[in-house]
Novice: 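The structure under discussion is supplied below as structure tokens; questions concerning it will follow.
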Amino acid sequence: MIPKPGKDHSKTKGWRPINLINCIGKLGEKVVADRLQESGLLHRHQFGSVKGRSATEAALRVVTRAQRCMAAEGAVGWNFWDIKGGFQNVREEDVIRELEKSKEGKKWIPWVKEFF
């Protein structure tokens, strides 16, 4: 573990784990991530871990919509969510149920089950 600068080292969040995954593992991870994006299984409004999308683009889209609404004499409300550990806390049954909805998704079920 490597201590994060300026963080409380008596807490878990104050440390950064060392990841020693080999190059082949990283390549495999990249291939799977690319394939998942191509499969159409990700929500069209997802920005995290999607090629060509960033937090900056997400913020720009929200601000642009708000400006258009205000220009049309509308009201704007803001709601911010920060979902920590979203991927770590997903339920296997929910993932499998979503994958079963499409032909492409069914191909991923055996592979995904290896992670639960």
Novice: Could you go through Glu98 and Lys101, starting from their C-alpha distance and side-chain angles, then the distance that decides it, and tell me whether this counts as salt bridge (charged side-chain N to carboxylate O under 4.0 Å, His left out)?
Specialist: CA-CA 5 Å; Glu98 287 301 314; Lys101 290 180 180 179; 2.9 Å; yes

Novice: Take atom NZ in Lys4; do more than 12 heavy atoms of anything else shown fall under 6.0 Å from it?
Specialist: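 Yes, enclosed.
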
Novice: Do Leu60 and Val62 belong to the same hydrophobic cluster, where Ile, Leu, Val, Met, Phe, Trp and Tyr are linked whenever their side-chain heavy atoms lie under 4.5 Å apart, directly or via other members?
Specialist: no

Novice: Distance from Glu100 atom CD to Lys106 atom NZ, nearest 0.5 Å?
Specialist: 7.5 Å

Novice: Please list, chain by chain and in numerical order, all residues satisfying ring pair (Phe, Tyr, Trp, His ring centres under 6.0 Å) with Trp111, sequence neighbours excluded.
Specialist: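 Ring pair (Phe, Tyr, Trp, His ring centres under 6.0 Å) check on Trp111 returns Trp108, Phe115.
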
Novice: Can we say Arg61 and Glu57 salt-bridge, meaning some charged N sits less than 4.0 Å from an Asp/Glu carboxylate O?
Specialist: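 Answer for the salt bridge query: yes.
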
Novice: CD1 of Ile2 to CD1 of Ile18: how many Å apart, nearest 0.5 Å?
Specialist: 4.5 Å

Novice: Measure the CZ-CD1 distance between Arg91 and Ile96 for me, rounded to the nearest 0.5 Å.
Specialist: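 Rounded to the nearest 0.5 Å, the CZ-CD1 separation comes to 12.5 Å.
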
Novice: Work out which heavy atom in His9 is nearest to a heavy atom in Pro3; give both atom names and the distance.
Specialist: NE2-CB, 3.3 Å

Novice: Give the minimum heavy-atom separation between Cys69 and Ala75, together with the two atoms involved.
Specialist: SG-O, 3.2 Å

